[in-house]
Each structure stands twice: as structure tokens, then as C-alpha cells.
Undergrad: 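Structure incoming, see below.
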Amino acid sequence: MHIPDGFIAPQFYLPAYLVAGGFWVWASRDLRQRLDEETIPRLAVITALAYVVGLVMLPLPGGSSGHLVGIGILAMLFGIRLAFLAYSLVLLLQALLLGAGGMTALPVNALAVGLIGASVMAFSMRWQHRRHPLPYLAAGAYLAVILPALAVALVLGLQPAIAHREDGTPLFFPFGPEVVVPAILLPHLVIGGVEALLTLAVWRYARSRGWLDV
Amino acid sequence: MSDRYWLLLYLIAVVLVTLVHQPCYLLLGLLAVMLLSGSLRWRLLRKALLSMLLFNTAVSLGYLAIALMRDEFRADYLLLINARVLLLVMLGFWLSAGINIAKALRFSTTLSFLATLAAGQIRLMSRLIGDYRTAFESRCVKRPDWRERRRLALAQTEALLEHANHAATEISQAMRSRGVFDD
């Protein structure tokens with residue numbers, strides 16, 4: 001779902017850095033107080049898990065492939081603020097170590113996946129049914145993939161309108177929303193299902209280890 | 001120059017690259033990076049090409065098909081977008097080969113700390129996944145079906161979670177023994 005480097009116009013990614021910067025400040029407020037001797041290592045390890053989960057490529061119909069995201073797991077275990085920070089760190093490491101995503105796409109990816117995705121999952125955690133939480137968690141994890149994918153698709157689809165030459169030739173991403181929204185969203189309908197199953201597996205494990213207050 | 005300044009310089013270079021819309025200047029920038037990166041150049045180029053291959057091929061072919069249908073094809077656009085992405089990815093890999101990312105993030109102690117711990121765990125987990133895949137492939141005489149793949153995915157998930165649990169406990173104990181949490 002990542003937007004790769006070089007496809008977002010500076011007219012979009014520079015303001016996006018300002019917005020993301022505001023959220024990074026908000027998310028990192030009182031960080032040291034919120035991280036104790038159990039949370040720091042667990043956050044680091046689950047951040048690494050989210051990174052590694054992003055390396056697992058899923059074959060999709062039509063010969064293409066997609067990858068899992070891991071934001072549902074982060075949000076389920078650490079809440080919106082820490083999940084947003086941790087996922088931003090995942091994006092930074094992916095950009096610098098793997099060349100996936102990139103610095104020009106980082107704020108958009110962080111806001112779309114890290115913030116929207118984590119918020120959706122955190123709300124589903126908050127509203128879950130006490131005795132039957134699984135459908136809520138599965139729906140949350142599913143939507144935590146679908147809604148960010150839609151946001152990413154819309155941002156990409158805006159690029160030809162934002163940055164183009166006088167003759168209309170695009171300077172960054174070439175396709176409008178009518179092409180890019182279905183192209184991104186349809187594979188994520190499958191990826192979201194796999195992500196939901198993975199999140200439920202982690203939820204069961206986390207609950208058995210006392211990582212969750214459920 | 002410290003790692004933090006290299007990171008800053010890299011960020012400025014990234015913004016400048018996205019402000020250039022002439023493919024020839026981007027190709028000159030690419031040439032400069034190739035020359036300056038010394039003995040690393042071919043490894044960086046190969047890594048960059050591999051990492052951008054999937055997405056850029058899809059976008060380039062998609063553009064080619066749609067633009068030809070609409071009779072709007074511009075070869076310089078394809079050159080521009082591919083040269084820009086290649087230069088940006090090369091710059092990123094060159095930076096990560098030359099600096100310690102955790103040191104560059106030292107403006108926030110907690111972030112630097114998290115990055116160091118996470119980067120170490122990423123290496124361990126990636127190796128674990130690689131080992132599982134290799135072992136799985138070595139056991140399969142023919143192409144594995146969906147059931148076998150599902151079993152592999154479940155075993156991998158379980159192994160990763162167990163690893164995560166042990167690693168978190170170990171790190172916590174190591175940090176405590178070194179007095180990190182002493183007030």
C-alpha cells in the first residue's frame with residue numbers, strides 16, 4: 001500500500017510533513033513517562049514485527065502482489081499515539097533500509113496508514129463487545145487496511161491535477177482517481193482479510209500472555 | 001560531519017530532486033551519485049533497481065498503455081519519473097550505507113533507542129523468516145498448494161510471536177541489569 005518515493009509532488013508532501021509533524025509532536029508528548037521497562041522492549045519488538053510483516057508478499061489475482069501492514073497489531077497493543085509513532089519508524093526504516101516508500105512519501109504513508117489505520121483499529125477496540133470481541137477486532141483490522149488504502153489512492157490520484165506541465169503531461173504520478181482507486185482498493189479487499197486473520201492470531205497470543213487488559 | 005548532518009543534507013537533496021523536472025539534470029545527479037559512492041556504486045544501483053522494479057514497471061506500463069490509447073504518449077515523462085525515482089532510491093541507500101541511522105535519530109533519546117532495538121530485531125526476524133522459507137522449500141518436491149502455504153504462514157506467525165515474546169523479555173532484563181530504568 002505504500003506510496004513509493006518520487007510520485008508525490010512537493011506541493012503536497014511538504015504541507016503533509018507539517019501536518020504529520022504536528023501529529024508526531026502530539027504522539028511523542030510524555031513519551032518517556034508512557035514507556036516503562038515492559039513497554040519499550042515490547043514496542044521495539046512489535047515495531048520490528050510490523051516491519052517484517054510488511055515484507056511478506058501476498059500473491060493477488062491478476063499476477064500482482066501486495067503486502068501486509070501490521071498497523072492493526074500495533075494499535076491493538078499500544079493505542080493510537082504509540083502505534084502512529086512506531087509505524088512512522090517502520091516507514092523510516094523501510095525507506096532507508098529497503099528503498100520501500102521513501103522520504104517524500106513518508107508523511108502521507110504515516111498519516112494514512114499510521115494515523116487513520118491506528119485510529120480505526122483503536123476505535124474498534126474501544127467499541128468491541130465484551131463477550132464477543134472477535135467480529136469487532138476483525139472488522140477493525142480489515143478497515144484499518146481498507147481506509148488507509150483508499151486515502152493513499154486518493155492522494156496518488158490527485159497528483160496529476162496538482163503537478164503537470166502546461167500541456168497537461170503529469171510531473172509525478174500519472175493516473176487520476178478513476179484509475180488508481182480501483183487499482184489499489186481491489187487488491188486490498190483481499191489483503192485486509194489476511195491482515196484481519198493475522199491480527200486476530202496476535203490478539204489471541206497477546207491475550208494469553210497478558211499483554212492486553214481484556 | 002556527524003550522521004545527523006548527513007541526514008539533514010540528504011533531506012535537502014531529496015527536496016531538490018523533486019523540484020527538478022528535466023530528466024537530463026536528474027541523470028546528471030544519478031551520475032554524480034554513482035561517481036561519489038565509490039566502490040559501493042554497483043551494489044547500490046542493483047539494490048535500487050530491484051527495489052523500484054515492481055512499482056515503476058507497473059506505473060510505466062500502465063502509463064504507456066493509457067497514453068497510447070489517448071494519443072498523449074510522452075517518452076520524456078517516462079524518463080523523468082524513472083530517473084527521479086532511481087536517483088531518490090540511490091540517495092537513500094547511499095545514506096543508509098554511510099551512516100548509523102540510530103545515531104542520526106539521536107535528537108530524541110527514546111526514538112533512537114527504539115530504532116536501535118527495532119533494527120536489531122528486524123535483522124533477527126528477517127533471518128528467522130528466511131530460515132523458515134528455505135526449510136519449507138527444501139521439504140517441497142513440487143510446488144506447494146494453498147493448504148501447505150497456510151500451514152507455513154501459521155507456523156511462521158507462531159515462531160515470530162514466540163521470538164517477539166522472548167526478545168521483549170530478554171531486552172527488558174538486559175536494560176534493567178544495565179540500570180536503564182533506574183530513576
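Just so we're on the same page: letters track the sequence lines, and every chain starts at 1. Heavy atoms only: backbone and side chains are in, while hydrogens, waters and symmetry mates are out.
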Undergrad: In terms of heavy-atom pairs under 4.5 Å with chain A, which of B:Thr18, B:Leu19, B:Leu87, B:Leu95 leads?
TA: B:Thr18
Undergrad: Heavy-atom cut-off 4.5 Å, strictly under: side chain, backbone, both or neither for B:Leu86 against chain A?
TA: neither
Undergrad: Would you mind checking which part of A:Leu197 comes under 4.5 Å of any heavy atom in chain B, side chain (CB onward), backbone (N, CA, C, O), both or neither?
TA: neither
Undergrad: Give a yes or no on this: more than 12 heavy atoms of other residues, nucleotides or ligands lie within 6.0 Å of atom CZ of B:Arg151.
TA: no
Undergrad: Just jot down the side-chain hydrogen bond (donor to acceptor under 3.5 Å, both in side chains) partners of B:His21, sequence neighbours excluded, or say none.
TA: B:Arg84
Undergrad: Can you give me the closest heavy-atom contact between A:Gly6 and B:Val85, atom names plus distance?
TA: CA-CG2, 4.2 Å
Undergrad: Report which part of A:Leu85 has an atom under 4.5 Å of a heavy atom belonging to chain B: side chain, backbone, both, or neither.
TA: neither
Undergrad: Among the options B:Ala97, B:Ala118, B:Ala115, pick out the one with the most heavy-atom pairs lying under 4.5 Å from chain A.
TA: B:Ala118
Undergrad: Side chains of B:Leu80 and A:Arg165: closer than 4.5 Å at any heavy-atom pair?
TA: yes
Undergrad: So what's closer than 4.5 Å to chain A heavy atoms on B:Leu114: side chain, backbone, both or neither?
TA: both
Undergrad: In terms of heavy-atom proximity below 4.5 Å to chain A, should B:Ser126 be classed as side chain, backbone, both, or neither?
TA: both
Undergrad: Does anything in residues 176-183 of chain A get under 4.5 Å of chain B by heavy atoms, and if so which residues?
TA: A:Glu178, A:Val179
Undergrad: Testing the 3.5 Å rule here: is there a donor-acceptor pair between the side chains of A:Tyr51 and B:Gln121?
TA: no
Undergrad: Only pairs of heavy atoms separated by less than 4.5 Å count here; which of A:Ala95, A:Pro170, A:Ala201 has the most with chain B?
TA: A:Pro170
Undergrad: Test: side chain to side chain donor-acceptor pair (under 3.5 Å). Region: residues 27-45 of chain B. Which pairs qualify, not counting sequence neighbours?
TA: none
Undergrad: Please check if the distance between the ring centroids of A:Phe175 and B:Tyr63 is under 6.0 Å.
TA: no
Undergrad: Under 4.5 Å from any heavy atom of chain B, what part of A:Leu93 do you find: side chain, backbone, both or neither?
TA: side chain
Undergrad: Looking at B:Gly62, B:Gly120, B:Ala167, B:Ala119, which one has more heavy-atom pairs under 4.5 Å with chain A than the rest?
TA: B:Gly62
Undergrad: Other residues, nucleotides and ligands only: do more than 12 of their heavy atoms fall within 6.0 Å of OH on B:Tyr10?
TA: yes
Undergrad: Quick check on B:Glu162 against chain A: is it the side chain, the backbone, both or neither that has a heavy atom closer than 4.5 Å?
TA: both
Undergrad: Among all residues two or more places apart in sequence or in another chain, which pass the salt bridge (charged side-chain N to carboxylate O under 4.0 Å, His left out) test with B:Asp131?
TA: none
Undergrad: Side chain from CB out, backbone as N, CA, C, O: work out which of these in A:Tyr13 comes under 4.5 Å of a heavy atom of chain B, or both, or neither.
TA: side chain
Undergrad: Which one wins on heavy-atom pair count under 4.5 Å against chain A: B:Val89, B:Leu88, B:Leu117?
TA: B:Leu88
Undergrad: Relative to chain B, which of A:Thr47, A:Thr169, A:Val202 shows the most heavy atom pairs under 4.5 Å?
TA: A:Thr169
Undergrad: Using non-hydrogen atoms and a 4.5 Å limit, figure out which bit of A:Leu89 sits close to chain B: side chain, backbone, both or neither.
TA: side chain
Undergrad: Side chain, backbone, both or neither: which part of B:Leu91 has a non-hydrogen atom closer than 4.5 Å to chain A?
TA: neither
Undergrad: Measuring heavy-atom distances to chain A, does B:Leu161 have an atom under 4.5 Å in its side chain, in its backbone, in both, or in neither?
TA: both
Undergrad: Applying side chain to side chain contact (heavy atoms under 4.5 Å, CB included), run through A:Tyr205 and B:Glu158 and close with a yes or a no.
TA: CA-CA 9 Å; A:Tyr205 184 87; B:Glu158 207 170 300; 5.9 Å; no
Undergrad: What pair of heavy atoms forms the shortest contact from B:Tyr77 to A:Phe173, and how long is it?
TA: OH-C, 3.8 Å
Undergrad: If we define contacts as heavy-atom pairs under 4.5 Å, which of A:Val45, A:Leu14, A:Leu198 has the most with chain B?
TA: A:Val45
